[in-house]
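Structure record follows, encoded as structure tokens.
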2 protein chains.
Amino acid sequence: MTDVGDLVAVADTAAAAGRALLRRPSLHDVALHAGVSHQTVSRVINDRPNVSPDTRARVQAAIDALGYRRNAAARILATNRSQTLGLMVQGEPRLGPASTMLGVAAAARDAGRYVSLAVVAEPSEQATTETLEYFRDQAVEGIVVIAPVADIVEVARAAASPSVPVVVVAAGERPRPGFFVASVDQQLGAALATRHLLELGHADVVHVTGPLDWHDAVERVHGWRAERAAWGLPERDPLVADWTSAAGYRIGRRLLAHAASGDPVDALPTAIFAANDQLALGLLRAFDEAGVEVPGRVSIVGYDDIEGADYFTPPLTTVRQPFEELGKTCIELLLAGMSAKAAGEVPERSAKVAPTLVVRATTAPPPRAQPPARRSRGSRR
Amino acid sequence: MTDVGDLVAVADTAAAAGRALLRRPSLHDVALHAGVSHQTVSRVINDRPNVSPDTRARVQAAIDALGYRRNAAARILATNRSQTLGLMVQGEPRLGPASTMLGVAAAARDAGRYVSLAVVAEPSEQATTETLEYFRDQAVEGIVVIAPVADIVEVARAAASPSVPVVVVAAGERPRPGFFVASVDQQLGAALATRHLLELGHADVVHVTGPLDWHDAVERVHGWRAERAAWGLPERDPLVADWTSAAGYRIGRRLLAHAASGDPVDALPTAIFAANDQLALGLLRAFDEAGVEVPGRVSIVGYDDIEGADYFTPPLTTVRQPFEELGKTCIELLLAGMSAKAAGEVPERSAKVAPTLVVRATTAPPPRAQPPARRSRGSRR
DNA sequence: CACCACCATGTTAACGCTCACATGGTCGGA
DNA sequence: TCCGACCATGTGAGCGTTAACATGGTGGTG
């Protein structure tokens, strides 16, 4: 063919806009316009050496004049590299995952990659597999899985093809070759919360946990356990709940009821670490209704620092997670994995970002202890 | 070339997995394997007529045997249709936008489209333009813009190429040809909240609004205004805040201070409609501190129904928005726009989804009104 | 002065798919 | 019996790019 000659003749005389309606300019059009070969144009747009400054300028001018942009599909086809990363999230719009998503997307774009988003509604094996196929069809070069629930990780891990690195955002997973793990250090966060309470002089800290099929929940339990052990406290079980305020409230009521029953073993604890802010809110409400003072009688630490936590009654001491940083970390791991793969290595790595404690007004020394001259007696209450 | 012959010979004997390491099978490989032409294979995978059942089955078998999957890039290059939708969000992970994102992604996938995600950090013209170019490079066929702030919409509208339909998620925008608008009906939501308070017998309803460069905030003001007008109440201005609890708290304090100053014009209102739940939380806190009873002395309605709103003290009456449905609506509009464009039309449309009122415990009849023959004293505390 | 390296540039062939058209066989009606 | 319609299938070109290799000119070195 073709009428490319005509096209370019038009382009030379008419405005670029006029042509755009006809067809987007190709490398070839630019080449004709600049009086060079398409390969030279390719060299210019890819910033390759061995092009004279003069030619480079002329080509650049032609590019600008025609409003040329490289065709991504053609490039992908020719290079067999899609420049695309898959981002898979489970369909639960909690704030953390959402923020992580945005962090991932932003970091990916900074790295010059496209991001393909896929939502998997239920954490079933089938849904996960379908999603991975969806990504495979796009020839994504890496996948980020934001998977708060354990099952989904298992499937992702199993289905991950060896050639495509996967970063999973999930605390507590072990990295494997080609399978990276990024997470907020939930153990640290939980330890921070627990330590804060212990340092205030509390004899013990109770933990109200989220559902135990969530990684984050399990890790927070670990962190709490470890910190208590470090202070020489005996083993004890957490109170298992879910993430809702209703559950927090229910547990608060139960605690109050047991304490009222008079059994000293079941006395109302002086310090509670809740696995998220909603739980803390439910506890707060239960205690408020019962006239139990926070933090006078019992101290509470939450987790997440949700919007508004600073205006709970009282403002909540909690743990804040650096989600954007987490997103960035995901991409870093992925890119590292990709280039390592290209170099023939198959590394395994994990990375954690550190949460921070935000002290507000739900924590104070226990009723009868005096933290300045710290000296906790064996007895409690 | 090629060693395709060898490849397929291998495929015939070895497992598909063995070959995959060498090269992903192409149409051609499948054709060879099935003993037909590549075009016939193409017909099968595209479900086109004029293929005998027998052949179809044989081809299908070959596809399965080789684990063939169509190469998206090649298809895009050949058809000049990317099957990709751009999803642009502003980098603020509030819950609404996040849920909408997931809704969009899910609906797009159901419609067989890929979703390319881009985050624009600041709502500047430059950032927006860059994002649109990023999409243009991928030849997206439609764009969803989740743009809570006015400016970004303007830019998107201006930059939108006529050939790519744009759906903007923004209340109050006017659709234009090729520029669709999807939104939660914020005016309705605000009216619902206002009406609820008025129906309880309150003489007036004050509105604490979000920042007025947000569409949603402005629309809620409109809805509140309209409902008050419908009840024959005189015009009045809203109290402008932002979305934070701190602002709600500050406004609550100001209201209390004015009321304490004794000027009857500035008496403490009996009913407040807050533009979101965080604001409502701040108000709740201010009133609680001052010993002003909610809902005894003043009723409050929030907006969003954030997690935990049911365990505020007291549980918050609020307005819930159907974000997932909104996401679906976006895709419907976009697909309709795309096919209309293909048919040569250039429609303009908008669609709204309806929020619902969730009545809980922060609303009650006003102190002296008697809908259910209640009779409370004017004094407080 | 011959030779080779090196630089700027061009030429050609994929990449894997779809589209438009070509081919050959089958069947029914004139 | 012959012809055209229609069906099943095949052929070839082209989408816009990159990769590999080819070419011709220039300059430094022995």
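In the text below, chain A, chain B and the rest are named by the order of the sequence lines, each starting its count at 1.
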Touch check for A/R43, heavy atoms < 4.0 angstrom, all strands: base, sugar-phosphate only, or nothing? base

Describe the nucleic acid contact of A/R48 in one word from base, sugar-phosphate, nothing, applying a heavy-atom distance below 4.0 Å. sugar-phosphate

Let's see if you can work this out: which of D/dG16, C/dC17, D/dG10 has an atom nearest to the side-chain heavy atoms of B/V36? D/dG10

What is the nucleic acid contact for A/R56, judged by heavy atoms within less than 4.0 Å: base, sugar-phosphate only, or nothing? nothing

Could you walk me through whether A/S116 and A/Q138 pass the side-chain hydrogen bond (donor to acceptor under 3.5 Å, both in side chains) test, one step at a time? CA-CA 9 Å; A/S116 175; A/Q138 295 171 87; 3.0 Å; yes

Ignoring backbone atoms, establish whether A/T40 has a side-chain N or O less than 4.0 Å from OP1 or OP2 of C/dG10. yes

Does any N or O donor sit under 3.5 Å from an N or O acceptor when you compare the side chain of A/H38 with the base of C/dT12? yes

Does a nitrogen or oxygen in the side chain of B/N50 sit under 4.0 Å from OP1 or OP2 of D/dA8? yes

Are the side chain of B/S350 and the backbone of B/P175 linked by a donor-acceptor contact shorter than 3.5 Å? no

Atom pair distance, as rounded to whole Å: CG in A/N71 and P in D/dG14: 18 Å

Write down the distance between CZ (B/R58) and P (D/dA8), rounded to a whole number of angstrom. 14 Å

Does C/dT18 have OP1 or OP2 under 4.0 Å away from a side-chain N or O of B/R75? yes

What distance separates A/S42 OG from A/R75 CZ, expressed to the nearest 0.5 Å? 8.5 Å

Touch check for A/N46, heavy atoms < 4.0 angstrom, all strands: base, sugar-phosphate only, or nothing? sugar-phosphate

Answer yes or no: does a side-chain N or O of B/S52 lie under 4.0 Å from OP1 or OP2 of D/dT9? yes

Give the rounded distance in Å between these two atoms: CG of A/D54 and C1' of D/dG25. 16 Å

Quick one: is C/dT11 close enough that its OP1 or OP2 comes under 4.0 Å of any side-chain N or O from A/S37? no

Can you check whether B/D64 reaches B/Q60 side chain to side chain, under 4.5 Å on heavy atoms? yes

Please report, rounded to the nearest Å, how far the P atom of D/dA19 is from the CD1 atom of A/I76. 14 Å

Which of the following nucleotides, D/dG16, C/dC17, C/dC19, is nearest to the side chain of B/T79? C/dC19

With a 4.0 Å limit, can you tell me whether B/R24 has a side-chain N or O closer than that to the phosphate oxygens OP1/OP2 of C/dC15? no

Ignoring backbone atoms, test whether A/T55 places a side-chain nitrogen or oxygen under 4.0 Å from the OP1 or OP2 oxygen of C/dT9. yes

Assign each of B/A78 and B/P49 to its nearest nucleotide of DNA chain D by heavy atoms, then name whichever residue's nucleotide is nearer the 5' end. B/P49

Of the listed nucleotides (C/dT18, D/dT9, C/dG16), which one gets closest to any side-chain atom of B/V51? D/dT9

Verify the contact: side-chain N or O of B/S42 to OP1 or OP2 of C/dT18, cut-off strictly under 4.0 Å; return yes or no. yes

Closest to the side chain of A/A74, out of C/dG16, D/dT17, C/dC17, is D/dT17

Distance check, rounded to the nearest 0.5 Å: A/R24 atom CZ versus A/D29 atom CG? 11.5 Å

